[in-house]
Protein chains: 4
Amino acid sequence: MSKERIIKAAIEVFSENEYHRASMDEIALRAQVAKGTLYYNFPGKSQLFKTVVKRTFEDFIRRIKADLQSSIPLKDKIQQTIRHHLDLFLESRHLSHIVFNDISNGFEEDVLDELKLLREEHLNFLATILEEGKCDENYLRDLDSHIAAVGMIGTLESTSKYFLSHQNKYSRDDLERQVFTMITMSLFNSIE
Amino acid sequence: MSKERIIKAAIEVFSENEYHRASMDEIALRAQVAKGTLYYNFPGKSQLFKTVVKRTFEDFIRRIKADLQSSIPLKDKIQQTIRHHLDLFLESRHLSHIVFNDISNGFEEDVLDELKLLREEHLNFLATILEEGKCDENYLRDLDSHIAAVGMIGTLESTSKYFLSHQNKYSRDDLERQVFTMITMSLFNSIE
Amino acid sequence: MSKERIIKAAIEVFSENEYHRASMDEIALRAQVAKGTLYYNFPGKSQLFKTVVKRTFEDFIRRIKADLQSSIPLKDKIQQTIRHHLDLFLESRHLSHIVFNDISNGFEEDVLDELKLLREEHLNFLATILEEGKCDENYLRDLDSHIAAVGMIGTLESTSKYFLSHQNKYSRDDLERQVFTMITMSLFNSIE
Amino acid sequence: MSKERIIKAAIEVFSENEYHRASMDEIALRAQVAKGTLYYNFPGKSQLFKTVVKRTFEDFIRRIKADLQSSIPLKDKIQQTIRHHLDLFLESRHLSHIVFNDISNGFEEDVLDELKLLREEHLNFLATILEEGKCDENYLRDLDSHIAAVGMIGTLESTSKYFLSHQNKYSRDDLERQVFTMITMSLFNSIE
DNA sequence: CATGAATGAGAATTCATTCAT
DNA sequence: GATGAATGAATTCTCATTCAT
């Protein structure tokens, strides 16, 4: 069905391009459907974007939860979380940027609310993981766990982008290690 | 003179709006000049943007350097640096986002190069401050100082934006304190 | 369909106006379509111009070749050729001027090449007719047949334009007769 | 004085560029005066153009008349005339094109009239030379001498332009010889 | 005499959206 | 369900012209 093809194409286009540079033409082209079909299946660009974001984040949460289910040590949980987020930011930089940092893109109230919700849920999810530190032998610093989650997201996003334009200088592994150090040392008194 | 008025208006507009949503019409309107006056003073939109970015960052660097000149303890230097960066991000979020994270906005080679230079200089400036930790009794963690600077910028940017949409929940002081904790604990083994 | 209507309108507008004075607005207006429709059907002004030129010259060549097919005497061929060219210049002065005399109008390489090709083909076509004189009992003067063709085009263009602003002084028949005399006597030692 | 400098610069600019692509900015630049100075000295672009045309043609006529004064044989007169016209067209193609072929450029009535007058005078001048043929032992063909002059101008203009883009193929001498042949054989029964 | 900052009408182009089929 | 031709508002940019100094 073409709805599915459109979403897939839209994920690509919105991931690679800033919202205003991601054109409906390009999406239709990649989905191999007529332009009208986009509007047959979605009320408009922003609604399509909303759908795409939801889909991307659902997939993301599903993947990450699968890895975190077992009662692995906190250290490993953090590591997995970082790894998945780096994947997300490396693949869908523009899309995730909007969700986390630029929700004020001129969307209708409608769309805006859902994006905010999505972000809030995501931050809650992260905050929950971080809070685990408090019940552990390690201690989450004297930090609001939401602020901590937000700061963590920021570090992940900016280092991902820096990595993308300096791939000759660092390996993906370097990136992961350094980000892990920064984040764990910033959030926990000690870990392991 | 209207050149100055245009720059001021452009700083506002580019600070509040994403590059593509910042229109020359809006800038002309706010500067209270005719559209043609923009083009009399600047070759085009991207060149105007470049000018605005340079101006903003020059001012920023001037302000921050003034505060850091004296041989104050590292801890205070970091605190000042954070404070000034929060100011920057709270006032000019879109503008600084482009410089630090989205330089690939479809600019001409010309403009692109200058923006990249500006970013590199800024990161060097930050990295230099961070490296001081190594000569102190405190130790900069086993981190590439540029990656550390980039991560720090990310934390600052994302927490600033979060703060802007949750001003009822946190005070500006809360923000500063928490960010200070996150950053110092993430970058240094201990501080003071 | 509106593509055809646009081409027709564009032929008119480009025929009557110099390229830079022929505006897309005017073309849209005459074609009774919205401005956007022009860009739905053609990538831009210069491409539309190219299409218009090709169409005009294809029609022209078709018409003239139909008349010249039979093995009529050279004299009649020349006469027909002159007649058709006068038609062309009287109807589409600006358009043909560009093709024959002002191809350097600031077009993209792309468009430029096709226009040059068109002109070259046209001159070859004319030169071929003129060369026939050499195999006849008449003799083409000691002239490069391409230069001769170019000169002939020049005479046709300038006399057409003169005629247009002095229609009270000469009839179309006068024009044809005089041009025929000038051209045949200039190119051939004698004719018939 | 700057008026003179403006005229000189304008001659250059209007000679090298089509009227609409010849900008007042460029003229001011080349004349090394401020833009306002153009309007201090001339009421507007078209009036400046008119002045430039008059100057160019006055100079042209003066030069050509100097060469034709003596009672040289008709053949030589024609040759000189051709040579001077080729010079004109090779140096000032756009400017002369407007005068001879594209007077309808959107000029004010005012300017239009003077341009028409200039053209008419020029054609008269040419026609007079051609008429000499009738009183000579040679005979001007059964041609209206004005039409003949116009046709001659057309041949000169188009071959000049062709020459400019095929300079590798022909020398300036070739051009002159061939044009001489074409024109004399077209206008006179025989010459010398 | 001369300036040059400022103007604003107009031009090309883009793109999300609509709608008849 | 799906199409794609058509739209028009918005946007960047150009340039002849004006005018206070």
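A, B, ... follow the sequence lines: proteins, then strands. Residue 1 opens every chain.
When the P atom of dG4(E) is taken as reference, atom CE of M1(B) falls 13 Å away, rounded to whole Å. Rounded to whole Å, atom C1' of dC1(E) lies 12 Å from atom NZ of K3(D).
In this structure, F49(A) and F107(A) have parallel ring planes: the angle between them is below the 30° cut-off, well short of the 60° mark.
For the segment residues 39-55 of chain D, residues with any heavy atom less than 4.0 angstrom from an atom of DNA chain F are, sorted by number, Y39(D), G44(D), K45(D). DNA chain F is contacted by A22(D), S23(D), M24(D) of residues 10-32 of chain D, taking any non-hydrogen atom closer than 4.0 Å.
Every stem involving DNA chain E, taken as at least 3 paired positions in a row under the Watson-Crick or G-U wobble test at 3.5 Å, is listed here: E:2-21 with F:2-21.
The pair D59(B)-R62(B) counts as a salt bridge, with a side-chain nitrogen and a carboxylate oxygen less than 4.0 angstrom apart. The pair R55(A)-E4(A) meets the salt-bridge criterion, since a charged nitrogen lies less than 4.0 angstrom from a carboxylate oxygen. Contact check on E26(D) versus R30(D) returns a salt bridge, with a Lys/Arg side-chain nitrogen under 4.0 Å from an Asp/Glu carboxylate oxygen. A salt bridge links K161(C) with E157(C): the closest approach of a Lys/Arg side-chain nitrogen to an acidic carboxylate oxygen falls below 4.0 angstrom.
Side-chain rings of F89(A) and H97(A) stay apart, their centers remaining 6.0 Å or farther from each other. Taking the centre of each ring, F14(A) and H94(A) stay at or above the 6.0 Å mark.
Side-chain atoms of E108(A) and S46(A) include a donor-acceptor pair closer than 3.5 Å. D110(C) and Q47(C) form a side-chain donor-acceptor contact under 3.5 Å, judged by distance and modelled atom types alone.
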Please assess F42(A) against K50(A) for the test side chain to side chain contact (heavy atoms under 4.5 Å, CB included), listing each intermediate value before the final yes or no. CA-CA 10 Å; F42(A) 301 91; K50(A) 187 193 74 182; over 6 Å; no
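In the interface, the side chain of K35(A) is paired with the base of dT17(E) through a donor and an acceptor atom under 3.5 Å apart.
Listed nucleotides dT7(F), dA6(F), dT3(F) differ in distance to V33(A); the shortest reach to its side chain belongs to dT3(F).
In this structure, K45(D) satisfies the cation-pi test against Y19(D), with its NZ or CZ atom closer than 6.0 Å to the six-membered ring centre and inside 45 degrees of the ring normal.
Heavy-atom distances to DNA chain E give each of L38(D) and T37(B) a nearest nucleotide, and the one nearer the 5′ end belongs to L38(D).
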